Amino acid sequence: MDILENLNQQQRLAVEHGKGPALVLAGAGSGKTRVIAHRIAYLIRNSVCRPENILAVTFTNKAATEMKERVHAILGELRSAEPLISTFHSFCVRLLRQEIHHAGYRRDFSIYDTDDQKRLIRQILKELNDPELEISPREIISRISYAKNHGVTPGQYIKRFPSETAEDVQFIYSKYNSHLKNSNSLDFDDLLLISVAILKEQPDTRRRFSERYRYILVDEYQDTNRPQYELLRLLTAAHNNLFVVGDEDQSIYKFRGADIQNILKFEKDFTGARTIKLEQNYRSSQNILSVAGAVVQNNTERKGKVLWTENDGGDVVTCRYEESPRDEAIWVAGKIQEILELYPNHHLAVLYRANFLSRNFEDVFLEEGIPYAVVGSVAFFGRMEVKDMLAYLRVVFNPDDDIAVLRILNTPPRGIGKTTIELLTRAAIDKGVPIMRMVREKAHDADFPGRASKSLLRFEKFVDKWIGFEQNHSVAQLLETILEDTQYAEMLRKNELASEAENRLANIEELIRAAAESEDRGETVTDFLDRAALSSELDHFDPNTRVALMTIHSAKGLEFEVVFLAGMEEGLFPHTQSMGSSEDLEEERRLCYVGITRAKKRLYVTWTPYRRNYGPEAGSPARVSRFLEEMPRDLIEGLDREIYEPMDQRQRLQTSSHTQPRNRDWQEPTEKNRVSKEPFKQPKSIAELKAYLAQQQKPKTPGTDDSKKGTVLKAGMRVRHDKFGDGIVLSRERRGNDIKLVITFSTAGRKSLIERFAKLKAL
DNA sequence: GATTTACGCCTTTTT
DNA sequence: GGCGTAAATC
């Protein structure tokens, strides 16, 4: 396969770029991942360098995996070494597992995720015992992170970021850092910072790494933060072969420290850089591009690109006003059903600014039996039971990991109560030693209360057993042993609902399987733990999902035939807290741009003035988002600019039925919405139930079925249960992660069942 | 140690 | 207004 084949002129120029820095400004859908993958293949195929001299960096594991697959697709399996394609963070972990002794840590360090950070901060706050400290752990974490990413140490904090609370933050920041250090643990920011510090201070290490990685490629460069920029500088100083791809219009992670100036100033930072713009879009219709362009044009902080496409004009954007969030969800659900009937293979997405908006959509989709997947609620590795198991592993490998020790010390309960734990923590802090060492000490302390020391001794014996066990067994076996020894399953069965306990146990099983697979791939235990710490839920997003629900942030990099942008209201999008500065507002606008450009064929935008909001503005109706007003008038229908009074707006909308331009491959569904506005009510009589059934009697098309589980059991359907016999589904609703069905059985009467466990057959 | 009550949180969160 | 975790209580 010719690598340059099927590339347009600009893409080809980028792929064939020689030595020295290059900046590829790639608009949405212009094939930027493609360019990186092809360039990697090009470098290898043309023997510009050896595969192992190439480093490609992405932000997500998903992007890294995709990149690897694409390179393999072009080149076939490589016989020799592989190029290193990894995220910033896993690259750093890799570096640190070899080099961290330079920074005074041991190589078996633990990685603290956000949850661990929060626990640590809470512990420090407790220890501080300041009765009225007015900062939340969450805010403290973000301020510490901000300081770290701007190179500000605890000592400099007050001077650099003066505020009323700066003194407190400084104190906590410094405590936080020393706790981490004493626990031989690093947070996500540290992974970058310490790597940078080592590369800066250790010329030998720097030389080895920059000689090894002579061609460095970076995806989504607009999202890099300062430490990432420094890392790249250090790695490329010797050879200057830095090839970055990005889009300043898609920079949406400022709140996480991303610095848009990195991409805006690239040519200044790396002299002699060549700039290539990719402006041909292969994803969306012309109308969608025009709308996106019109919105983002209102920003000043951009280099300016004009996207064009050879695709059809396509439809205009449809705007929909609804009276309430529930109505909004119902309208979207109706549209989705129509679209899926016409186009069973389309991928659709409902995108929103904030996660809480998923609620109404989930409820309605569940009632309607629309198969959907939510991205970004609770990640697998974030689940309580999975974190517990991982904490056990962490303690086995790094007994200094205090947060992990505290997590498992009395989970499951083993007689190490609150007083004992407080005593241990206090003593550990006073002596400046890890908690596990205090556990060992007090376990053999004759002066210590007998009952407590006995429990501690038992715990110590277990830990030692596991440490020994690990020497000649696999992680999967170790996890099995821990599960057995701790009686963890018994704890779950005792404390939780049966269904919930089984669910959690299933997750643990999955973890054990993942560990076994990791081992099969020849990975070490730390590889496994690292991946657990650095993985996110997006990595598990199944691209075959028919209807996806997620935030716009999560949707970056994805595409769908049809996109619904929900909650297009002032105050929510742009968010109130982002309307203060023009910088923040521009970021919101870029976010909107990202949302719009996810759509290939059709874009719907919806809004409602009466979204339940708390706080000072509770109750007052919201206006339509300014971003919709920035869309060209002739490219959006259903938006009435002059009228904001809800009833008026509604009447106008109902009287105006539009004719739309059509194109060849998209035909707007014309059927009436089939979702009833009334939420399903329990029928009071047989007659009512019959009436409801009649209303529900409509043939289902294959496209709306959940392919995995067969038919979706909706209200009104007849089902058969092994024990209870035949019955009729009365309602279907979410309960936690499960789906609860209420069913009346002809013999057994009314029962509530969890769908996953009920083994129901549709009749 | 288990159960109840109270409180804190509520924008996005690639790692 | 709703939810999940943490303190309070038995």
Side-chain angles (χ1 to χ4, degrees), chain A residues 57-65 86-93 111-119 122-123 125-126 134-139 141-142 145 149 186-192 195 219-220 222-225 227-228 250-258 325 351-357 359 375-379 381-382 384 410-418 491 494-495 530-539 541 550-558 567 571-579 584 587-588 590-592 594-595 611-615 618-619 736:
Chain A
V57 206
T58 63
F59 278 84
T60 64
N61 299 308
K62 187 168 174 282
T65 313
S86 111
T87 65
F88 270 104
H89 287 83
S90 38
F91 173 77
C92 289
V93 169
I111 301 168
Y112 277 23
D113 67 11
T114 325
D115 182 70
D116 299 320
Q117 285 181 295
K118 211 163 161 189
R119 282 163 179 267
R122 271 208 269 266
Q123 194 199 314
L125 290 177
K126 203 195 259 171
E134 297 262 296
I135 336 176
S136 65
R138 191 194 154 90
E139 195 193 334
I141 290 172
S142 95
S145 175
N149 286 320
L186 277 66
D187 65 18
F188 288 146
D189 295 325
D190 289 340
L191 296 175
L192 268 308
S195 298
D219 193 14
E220 308 273 18
Q222 77 282 353
D223 288 331
T224 49
N225 63 19
Q228 285 158 344
Q250 293 190 64
S251 166
I252 54 173
Y253 282 103
K254 181 183 169 224
F255 69 96
R256 283 192 67 85
L351 308 180
Y352 32 76
R353 175 71 241 258
N355 268 317
F356 75 88
L357 262 83
R359 254 326 267 273
V375 177
S377 36
V378 201
F381 287 105
M384 181 259 275
N410 201 35
T411 309
R414 53 172 72 87
I416 306 176
K418 209 171 57 176
M491 175 193 79
K494 204 156 99 193
N495 291 345
D530 290 347
R531 217 147 35 76
L534 299 178
S535 94
S536 81
E537 210 210 349
L538 194 64
D539 304 336
F541 176 66
M550 66 183 99
T551 62
I552 306 172
H553 281 92
S554 304
K556 196 172 81 161
L558 304 174
L572 181 60
F573 195 24
H575 197 275
T576 322
Q577 276 162 265
S578 300
M579 297 193 325
D584 287 351
E587 175 140 324
E588 294 283 299
R590 289 193 292 269
L591 188 59
C592 184
V594 169
R611 204 174 292 284
R612 175 196 243 341
N613 49 354
Y614 40 86

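Values in this document were obtained by computation on a predicted structure and should not be read as measured data. Residue numbers start from 1 in every chain, and the chains themselves are labelled A, B, ... in the order their sequence lines are given, proteins ahead of strands.
- In the model, A:Asp189 has a side-chain atom that pairs as donor or acceptor with a side-chain atom of A:Ser145 under 3.5 Å.
- Considering only residues two or more places apart in sequence or on other chains, A:Gln123 meets the side-chain hydrogen bond (donor to acceptor under 3.5 Å, both in side chains) condition with none of them.
- A:Asp189 comes within contact range of no nucleotide atom at all, as no heavy-atom separation falls under 4.0 Å.
- The two residues A:Lys118 and A:Pro137 make their nearest non-hydrogen contact at CG-CB, 4.2 Å.
- Nearest to the side-chain atoms of A:His89 among the listed nucleotides B:dT15, B:dT11, B:dC9 stands B:dT15.
- Under the ring pair (Phe, Tyr, Trp, His ring centres under 6.0 Å) criterion, A:Tyr253 pairs with A:Phe255, A:His553, sequence neighbours left out.
- Under the rule for a salt bridge (charged side-chain N to carboxylate O under 4.0 Å, His left out), the partners of A:Asp116 that lie at least two apart in sequence or sit in another chain are A:Lys387, A:Arg394.
- For A:Arg138 and B:dT13, a side-chain-to-base donor-acceptor distance below 3.5 Å is present, hydrogens and geometry of angles not being considered.
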Scan nucleotides 3-9 of chain C against the protein and return all N/O pairs shorter than 3.5 Å with their distances rounded to 0.1 Å.
{"residue": "C:dA6", "atom": "OP1", "partner": "A:Arg122", "partner atom": "NE", "Å": "3.2"}
{"residue": "C:dA6", "atom": "OP1", "partner": "A:Arg122", "partner atom": "NH2", "Å": "3.2"}

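- Per the geometry, CD1 belonging to A:Ile111 stands 12 Å off P belonging to B:dT15, to the nearest Å.
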Test log, rule side chain to side chain contact (heavy atoms under 4.5 Å, CB included), inputs A:Ile141 and A:Arg138: CA-CA 5 Å; A:Ile141 290 172; A:Arg138 191 194 154 90; 5.9 Å; no
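- For B:dT15, the OP1/OP2 oxygens have a side-chain nitrogen or oxygen of A:Asn61 closer than 4.0 Å.
- The separation between A:Asn149 atom CG and B:dT14 atom C1' is 14 Å, rounded to whole Å.
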Which protein N or O atoms sit under 3.5 Å from an N or O of nucleotides 1-4 of chain B?
none

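- Using a 4.0 Å heavy-atom cutoff across all strands shown, A:Pro574 reaches no nucleic acid atom at all.
- Within the nucleic acid shown, A:Phe88 has no heavy atom closer than 4.0 Å to any nucleic acid atom.
- Residues A:Ala533 and A:Arg353 both approach DNA chain B. Their nearest nucleotides, taken by heavy-atom distance, put A:Arg353 toward the 5′ side.
- For a distance-only test at 3.5 Å, the side chain of A:Arg256 fails to qualify as a donor-acceptor partner of the base of B:dT12.
- A:Leu351 places its CG atom 14 Å from the P atom of B:dT12, with the value rounded to the nearest Å.
- Between the CD atom of A:Glu588 and the C1' atom of B:dT12 there is a distance of 8 Å, given to the nearest Å.
- In this pair, A:Phe255 lays its aromatic ring flat on the base of B:dT12, centres within 5.5 Å and planes under 30 degrees apart.
- A search for ring pair (Phe, Tyr, Trp, His ring centres under 6.0 Å) contacts involving A:Phe91 returns A:Tyr213, not counting sequence neighbours.
- Smallest separation of non-hydrogen atoms from A:Gly595 and A:Leu351: O-CD1, 4.2 Å.
- Going from atom CD1 of A:Ile135 over to atom C1' of B:dG8 covers 15 Å, rounded to whole Å.
- In this structure, the side chain to side chain contact (heavy atoms under 4.5 Å, CB included) partners of A:Pro412, at least two apart in sequence or on a different chain, are A:Tyr392, A:Arg414, A:Thr486, A:Tyr488, A:Met491.
- Rounded to whole Å, atom P of B:dT15 lies 8 Å from atom CZ of A:Phe188.
- In this model, the phosphate group of B:dT13 is approached by a side-chain N or O of A:Ser554 to a distance below 4.0 Å at OP1 or OP2.
- The distance from atom NZ of A:Lys118 to atom P of B:dC9 is 8 Å, rounded to the nearest whole Å.
- Proximity note for A:His553 (side chain, C-beta onward) versus B:dT12, B:dT11, B:dT15: the nearest is B:dT12.
- A:Thr87 pairs by the side-chain hydrogen bond (donor to acceptor under 3.5 Å, both in side chains) definition with A:Ser90, not counting sequence neighbours.
- Phosphate proximity of B:dT11 to A:Thr576: absent, as no side-chain N or O sits under 4.0 Å from OP1 or OP2.
- Checking B:dT15, B:dT11, B:dT14 against every side-chain atom of A:Leu534, the shortest atom distance belongs to B:dT15.
- Close to B:dT11, at under 4.0 Å from its OP1 or OP2, lies no side-chain N or O of A:Asn355.
- What separates CD1 of A:Ile141 from P of B:dT15 is a distance of 18 Å, to the nearest Å.
- Taking the side chain to side chain contact (heavy atoms under 4.5 Å, CB included) definition, one finds that A:Asp584 meets it with A:Lys254, A:Ser578, A:Ser581, sequence neighbours left out.
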